[in-house]
Novice: 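So that we are looking at the same thing, I have put the structure below in structure tokens.
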Amino acid sequence: MSFRKYLHGQALVESIVGFSFVIVPIMLLFPFLSKMTGIQHRAQEAAHYTAWERTVWKESRPSRFPSRSGLYIAQQTEPEVAKSIPWRFYQKNGHKISSDITTDWSWNDNVHPLLKHQVFQGERSNTIVASTQDEPVNHDEYDRFSRESRGGRLPGSIAGAVGQAVGFLSFTGFSLERDQFYRTQVTTNLEKHYMAPFNELDLSFSNNSAILASGWNAGGPMHVNDRVKRLVLTNYMDNGVIQTAQSLIGLIPFAKEIRPSSLRLGHVDANALPDNRLCTYGTESCGG
């Protein structure tokens, strides 16, 4: 009987020790660990976003882009893209995402509640995302994360062969932006927590992404025409001497098609469509 009481007492002591030194600390740390996971997830989304935006926004003007008024191109620098990261991934739920930001960002007021925690003992919850500067700047969008975005040439032997082919075509005046393999990195640091062992750790979450943006993306019909014409060999025959010869030959009655108005050497029309695409849909001859 006494042996059974001894076992019951031992189990009770083990339970108390287990709850005191294992279960309770884990339960206290669960909220903090969930916030760490949330920050890592947001940094990962921000890295993907920064890379993906290069499929929409060009970082610089394309080569041979027409220098005329009234032409526009979707263009944003890396800091302009990064400025919207807090509004997309760090702010509270339920707020609309706008491309025209008219209000000031605030890491104290706008940040999501998941990214706030009691960092210092006896104080209220603060933003757990650490500043990248010695003195935090609350209204600076870039204050709580660092980023890196760079374009480079596609690695690998196949990419090198393609680059050589494009380089050969450059003798004709044709060119493509070959620095379109974008690598991005977003890094977020955490404030030190007052509870051990987090008060000694410098926790940092870094996520990378990469994307190949098309080097062919053109900035309008004129840019398309300029690029395509440099791959049309007859384009180099479109000059005054050849046109004069065409006009003289066109004086012959059976050679009217040789005239410059009929035989347009090097002509490119980026807006040309097949006849079946120009009909009125629903009529007898067009899907009716």
Novice: Can you confirm whether H112 sits close enough to N93 that some side-chain heavy atom of one is under 4.5 Å from a side-chain heavy atom of the other?
Specialist: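 In contact.
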Novice: Specify the closest pair of heavy atoms between Y142 and P79, including all atoms of both residues, with the distance to one decimal.
Specialist: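 It is OH-O, 2.8 Å.
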Novice: Using the rule given for side chain to side chain contact (heavy atoms under 4.5 Å, CB included), can you reason through V129 versus R42, listing the C-alpha separation, both sets of side-chain angles and the distance that settles it, and then say yes or no?
Specialist: CA-CA 11 Å; V129 185; R42 281 166 168 76; over 6 Å; no
Novice: According to side chain to side chain donor-acceptor pair (under 3.5 Å), does anything in residues 241-257 pair up with another residue at least two apart or in another chain? List the pairs.
Specialist: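 Matches after skipping sequence neighbours: D238-Q243.
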Novice: What is the distance from atom CG of L265 to atom CD1 of I242, rounded to the nearest 0.5 Å?
Specialist: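 That separation rounds to 7.5 Å.
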Novice: How long is the gap from CD on Q40 to OG1 on T188, to the nearest 0.5 Å?
Specialist: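 Going from the CD atom of Q40 to the OG1 atom of T188 covers 10.0 Å.
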Novice: Using a distance-only test with no angle check, is there a side-chain donor-acceptor pair under 3.5 angstrom linking E53 and W57?
Specialist: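 Yes, side-chain donor-acceptor contact under 3.5 Å.
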Novice: Would a single hydrophobic cluster contain both L263 and V232, if residues Ile, Leu, Val, Met, Phe, Trp and Tyr are joined by side-chain heavy-atom contacts under 4.5 Å?
Specialist: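 They do not share one cluster, since no chain of ILVMFWY contacts under 4.5 Å joins V232 to L263.
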Novice: Distance-only, no hydrogens or angles: does the N138 side chain make a donor-acceptor pair with backbone N or O of S106 under 3.5 Å?
Specialist: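 No, the answer is negative, given that no donor and acceptor are paired below the 3.5 Å cut-off.
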Novice: List the steps, then state whether side chain to side chain contact (heavy atoms under 4.5 Å, CB included) holds for V81 with E59.
Specialist: CA-CA 10 Å; V81 172; E59 196 166 7; over 6 Å; no
Novice: Judged by atom type as modelled, is there a donor-acceptor pair below 3.5 Å linking the side chain of H139 to the main-chain atoms of W105?
Specialist: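 The answer is yes, because a donor-acceptor pair under 3.5 Å joins these two groups.
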Novice: Taking side-chain hydrogen bond (donor to acceptor under 3.5 Å, both in side chains) as the test, write out the residues that go with Q133, two or more places apart.
Specialist: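 Listed in chain order: D140, D143.
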Novice: What pair of heavy atoms forms the shortest contact from K35 to H117, and how long is it?
Specialist: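 Of all heavy-atom pairs spanning K35 and H117, the closest is CE-ND1, 2.9 Å.
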Novice: Answer with yes or no whether the hydrophobic clustering places W107 together with M36; edges join I, L, V, M, F, W, Y residues whose side-chain heavy atoms lie under 4.5 Å apart.
Specialist: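 Both belong to a single hydrophobic cluster.
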Novice: Report the distance from atom CZ of R147 to atom OG of S206, rounding to the nearest 0.5 Å.
Specialist: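 It comes to 14.0 Å.
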Novice: Mind checking the CG-CG spacing from N108 to N126? Nearest 0.5 Å is all I need.
Specialist: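 Here the rounded value is 7.5 Å.
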Novice: Could you work out, with ring pair (Phe, Tyr, Trp, His ring centres under 6.0 Å) as the rule, every residue matching Y182, not counting sequence neighbours?
Specialist: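 None.
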Novice: Once you round to the nearest 0.5 Å, how far does CD of Q75 lie from NZ of K58?
Specialist: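 One finds 9.5 Å between CD of Q75 and NZ of K58.
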Novice: Would a distance-only check, ignoring hydrogens and angles, find a side-chain to backbone donor-acceptor pair under 3.5 Å from K92 to D109?
Specialist: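 Here the side-chain-to-backbone pair exists.
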Novice: Tell me whether W87 shares a hydrophobic cluster with Y90, the cluster being built from Ile, Leu, Val, Met, Phe, Trp, Tyr side chains joined at under 4.5 Å.
Specialist: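 Looking at the clustering, Y90 is in the same group as W87.
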Novice: In terms of hydrophobic clustering (I, L, V, M, F, W, Y; side-chain heavy atoms under 4.5 Å; direct or indirect links), are W52 and F181 co-clustered?
Specialist: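 No, because W52 and F181 fall into different hydrophobic clusters, even though each may have its own neighbours under 4.5 Å.
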Novice: Give the intermediate values and the outcome of side chain to side chain contact (heavy atoms under 4.5 Å, CB included) for residues R144 and T127.
Specialist: CA-CA 10 Å; R144 305 299 173 104; T127 305; 3.6 Å; yes
Novice: Identify the residue among L231, N225, V224 that makes a side-chain contact (heavy atoms from CB on, under 4.5 Å) with V228.
Specialist: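 Of the listed options, the one satisfying the test is V224.
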Novice: Of all the heavy-atom pairs spanning T77 and R54, show the shortest one and how long it is.
Specialist: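 Looks like C-NH2, 3.5 Å.
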Novice: Pair N189, D202 - check side chain to side chain contact (heavy atoms under 4.5 Å, CB included), show working.
Specialist: CA-CA 8 Å; N189 300 321; D202 292 322; over 6 Å; no
Novice: Does some side-chain heavy atom of D226 sit less than 4.5 Å from a side-chain heavy atom of P66?
Specialist: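 No, their side chains stay 4.5 Å or more apart.
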Novice: With sequence neighbours left out, write down each residue that passes side-chain hydrogen bond (donor to acceptor under 3.5 Å, both in side chains) with R264, or none if nothing qualifies.
Specialist: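 Listed in chain order: H267.
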Novice: Is K192 reaching over with its side chain to a backbone N or O of L203, donor-acceptor style, under 3.5 angstrom?
Specialist: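 Side chain of K192 to backbone of L203, a donor-acceptor pair under 3.5 Å: no, none is there.
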Novice: Below 3.5 Å, can you tabulate the donor-acceptor pairs from side chains in residues 43-51 to any protein atom, sequence neighbours excluded?
Specialist:
residue, atom, partner, partner atom, Å
E45, OE2, H41, NE2, 3.3
H48, ND1, S209, OG, 3.0
Y49, OH, S84, OG, 2.8
Y49, OH, R88, NE, 3.1
T50, OG1, A46, O, 2.8

Novice: Under 6.0 Å from the NZ atom of K83, do we count more than 12 heavy atoms belonging to anything else shown?
Specialist: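 Atom NZ in K83 is not crowded, with 12 or fewer foreign heavy atoms closer than 6.0 Å.
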Novice: Applying ring pair (Phe, Tyr, Trp, His ring centres under 6.0 Å), name anything that partners F205, two or more places apart in sequence or on another chain.
Specialist: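 By the ring pair (Phe, Tyr, Trp, His ring centres under 6.0 Å) rule, F205 matches no residue at all.
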Novice: Enter the distance from K116:NZ to R124:CZ here, rounded to the nearest 0.5 Å.
Specialist: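 Going from NZ on K116 over to CZ on R124, the span is 6.5 Å.
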